[in-house]
Chemist: 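Structure below; questions to follow.
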Amino acid sequence: WLILDILVQFQGVKGGFGVFAVLGEANSLGPSDKKSLWGTLFDVEDPRSKAPQCKGRFLDVYQALELARYDIQYCDWRARQDLRTIVLLHEKVVEVLNPLAREYKSIGTMKKELAELQGELAQAHKQVHISEARVSTALDKLAYMEELVNGKLLEDRTKMESSIAAPSSSTSTQSLDTMKRPRKSLDVSGPVQPYHPRLKNFWYPVAFSTDLKDETMIPIDCFEEPWVLFRGKDGNPGCIQNTCAHRACPLHLGSVNEGRIQCPYHGWEYTADGKCEKMPSTRLLNVKIKSLPCLEQEGMIWIWPGDDPPTTTLPSLQPPSGFVIHAEIVMELPVEHGLLLDNLLDLAHAPFTHTSTFAKGWTVPSLVKFLTPASGLQGYWDPYPIDMEFQPPCMVLSTIGISKPGKLEGQSTKECATHLHQLHVCLPSSRNKTRLLYRMSLDFAPLLKHIPFMHYLWRHFAEQVLNEDLRLVIGQQERMINGANVWNWPVAYDKLGVRYRLWRDAVERGSKPLPFSKPM
């Protein structure tokens, strides 16, 4: 949610960007311009011909939901026709009052024409209110139907998990109990415990490739250990312990010479695998410091901090086809990474928390839901056109449909013409610190990428949005440290956050297979 606010100021069009005037001179648009402008709004196909024929039949819940969706589409079409009528009537009023035509009409004729138009407008406005009531009723029906479907999915999932857990053992019983627990409560209370070693046995993105130049170093903390990234002689990235074996000096304070990192204290030099190859002013000893498996893929640097052998494949975090990356931002945040993930996997808080940035002016929906398969870590938000996915171990991907600059509209992302794609990586630096990697991509306005200093503007808006979250999440962290349970009472829209917590609990217990995980 870092960048939505700035899109208020840029209206993207294919191949560039421009400004759309909402208010202007009546004569600034010709008849053909007006017609093309209204075409996209009014020329919508009547959905009644495509609606399923269900008269006199009993419907199951899925068929009823599909019918309710067609009801919504019909209401939308009907409302557009009503609006077209009002627009045309207003045009007639303007025509009657046109000073150029007035001399050819008597006052009586004008009064009669205006009186007739007034009656027609009153009738049209009345029809709009009827359509508005129909839409409201249809939305209520749709929400009820989707609740029934979600309830059935949850029931099916519970039956499936019960059958999987049928072999009686203490481990399987404990796993089943944990899976059922989110219906009541999750225990995420403090003080914050040390990270379990099993959580380290994953590939973690730690930096963007563009930030790691040939002779630069990037110091990072990961699972409360200091590391430093740099490029070796072959140009490939390496990750070694950020502590010199000689006198424990931080290596990132030194420099990179011919693919080796040189300690600034006594000049000892280390390769990308941690071997010391130079010891000036003394005899060379066989010294090696700890290093981690390190790979580069799709513009990101990855490390494997665990003791298990690393897997051979890395997940893809690239934006979908047609998107262009506009911003890559790194921030160090004073919160535990699980709390930050909880926040990112929750959209229901937006109209209450982000009232000065991207959610300014949002109405509060009567019902917010995250709709997802019975077993999965991805889905979409209703009523917002936003698709979201948790990608283990610490990544959140989201695609946001934008119909107008800075506004969220539509029933799904597919129905929106333009989109914003986001990647959040929450690297666990320590028990009270997270390294956040944020990547933002757009499928419109490609010229924005080439505006000088644009990345400073993206970062400014990112920090604005994050600060709205941080004051709350830091408060949560303080109370959690003192024993409060931050997941004491989950509700329906907490589904994705709860599933992340269940996945993490399963990792720490060593469960196989892990819940919700997709095969690599």
Side-chain angles (χ1 to χ4, degrees), residues 1-7 10-18 40 203-212 295-302 311-330 344-345 347 358 370-373 376-382 384-426 436-451 454-455 458 461-462 496 516-520:
W1 322 119
L2 303 184
I3 304 300
L4 279 178
D5 194 49
I6 193 170
L7 295 178
F10 294 102
Q11 169 60 46
V13 295
K14 298 297 181 183
F17 64 92
T40 55
W203 284 106
Y204 284 84
V206 292
F208 293 111
S209 296
T210 52
D211 293 335
L212 191 62
L295 293 176
E296 186 170 18
Q297 174 179 288
E298 296 177 344
M300 304 193 82
I301 312 296
W302 301 67
T311 58
T312 56
T313 56
L314 280 72
S316 176
L317 301 181
Q318 284 284 83
S321 175
F323 283 77
V324 175
I325 296 171
H326 283 256
E328 292 182 333
I329 299 168
V330 181
L344 292 170
L345 295 170
L347 188 61
F358 72 87
F370 184 76
L371 304 174
T372 181
L377 293 168
Q378 71 288 331
Y380 66 94
W381 287 93
D382 180 24
Y384 307 117
I386 298 173
D387 299 339
M388 184 176 284
E389 176 182 5
F390 170 66
Q391 177 80 263
C394 64
M395 291 83 80
V396 179
L397 298 100
S398 55
T399 301
I400 304 165
I402 305 171
S403 295
K404 294 180 181 179
K407 302 293 183 184
L408 295 183
E409 302 183 340
Q411 295 299 305
S412 71
T413 54
K414 293 179 181 178
E415 295 175 354
C416 297
T418 54
H419 304 82
L420 178 149
H421 184 269
Q422 298 185 121
L423 164 68
H424 295 85
V425 177
C426 301
L436 174 66
L437 277 62
Y438 174 74
R439 174 187 279 169
M440 188 276 294
S441 308
L442 302 174
D443 65 356
F444 65 99
L447 288 183
L448 288 180
K449 185 178 177 69
H450 305 291
I451 296 178
M454 194 68 194
H455 60 286
W458 292 135
F461 278 93
L496 191 54
F516 314 119
S517 295
K518 295 186 296 186
M520 293 292 289

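Remember, it's a predicted structure, so these values are computed and weren't measured experimentally.
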Chemist: Just how far is it from atom CZ of Phe323 to atom CG of Leu442, taken to the nearest 0.5 Å?
Modeler: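 Going from CZ on Phe323 over to CG on Leu442, the span is 8.0 Å.
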Chemist: Given Leu345 and Val396, is the side-chain contact (heavy atoms from CB on, under 4.5 Å) satisfied, shown in steps?
Modeler: CA-CA 7 Å; Leu345 295 170; Val396 179; 3.7 Å; yes
Chemist: With sequence neighbours excluded, tell me which residues meet side chain to side chain donor-acceptor pair (under 3.5 Å) with Glu296.
Modeler: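 Applying side chain to side chain donor-acceptor pair (under 3.5 Å) to Glu296 gives Ser209, Arg231.
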Chemist: For the residue pair Trp458 and His326, categorise the inter-ring angle as parallel (less than 30°), tilted (30 to 60°) or perpendicular (more than 60°).
Modeler: perpendicular
Chemist: Counting C-beta onward and ignoring hydrogens, is there a side-chain heavy-atom pair between Leu420 and Ile402 closer than 4.5 Å?
Modeler: yes
Chemist: Ala207 and Leu437: which non-hydrogen atoms are nearest, and at how many Å?
Modeler: N-CD2, 3.5 Å
Chemist: Working to the nearest 0.5 Å, report the span between OG1 of Thr372 and CZ of Phe516.
Modeler: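 Result: 9.0 Å between the selected atoms.
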Chemist: Of the non-hydrogen atoms in Leu344 and Met388, which two are nearest, and what is the gap between them?
Modeler: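 Answer, listing the atom of Leu344 first, then Met388: O-CE, 3.5 Å.
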Chemist: In Å and rounded to the nearest 0.5 Å, what is the NE2 to CZ distance from His424 to Arg439?
Modeler: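 His424 NE2 to Arg439 CZ: 12.5 Å, rounded to 0.5 Å.
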Chemist: Where is the tightest heavy-atom contact between Gln422 and Tyr438, given as atom of each residue plus distance?
Modeler: OE1-OH, 2.6 Å
Chemist: Could you state the interatomic distance from CG (Leu295) to CG (Leu314), rounded to the nearest 0.5 Å?
Modeler: 5.5 Å
Chemist: A side-chain contact here means heavy atoms from C-beta on lying under 4.5 Å apart; do Pro315 and Trp302 qualify?
Modeler: yes
Chemist: Determine, stepwise, if the pair His421 / Gln318 fulfils side-chain contact (heavy atoms from CB on, under 4.5 Å).
Modeler: CA-CA 10 Å; His421 184 269; Gln318 284 284 83; over 6 Å; no
Chemist: Any heavy-atom pair between the side chains of Phe358 and Ile400 that's under 4.5 Å?
Modeler: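 Side-chain contact under 4.5 Å: no.
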Chemist: Closest approach of Ser441 and Pro319, non-hydrogen atoms and distance?
Modeler: OG-CG, 3.6 Å
Chemist: At what distance, to the nearest 0.5 angstrom, does CG of Leu397 lie from CZ of Phe390?
Modeler: 10.5 Å
Chemist: Between Leu436 and Cys426, is there a side-chain heavy-atom distance shorter than 4.5 Å?
Modeler: yes
Chemist: Checking the side chain of Asp443 only, and the main-chain atoms of Gly322 only, is there a donor and an acceptor separated by less than 3.5 Å?
Modeler: no
Chemist: Just how far is it from atom OG1 of Thr210 to atom CD1 of Ile325, taken to the nearest 0.5 Å?
Modeler: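 Rounded to the nearest 0.5 Å, the OG1-CD1 separation comes to 9.0 Å.
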Chemist: Val425 vs Met300, test: side-chain contact (heavy atoms from CB on, under 4.5 Å). Steps then yes/no.
Modeler: CA-CA 11 Å; Val425 177; Met300 304 193 82; 4.2 Å; yes
Chemist: Backbone N or O of Asp387 within a donor-acceptor pair of the Thr399 side chain at under 3.5 Å?
Modeler: no
Chemist: Check whether any side-chain N or O of His419 sits under 3.5 Å from a backbone N or O of Thr413 as a donor-acceptor pair, and report yes or no.
Modeler: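 Yes; at least one donor-acceptor contact below 3.5 Å.
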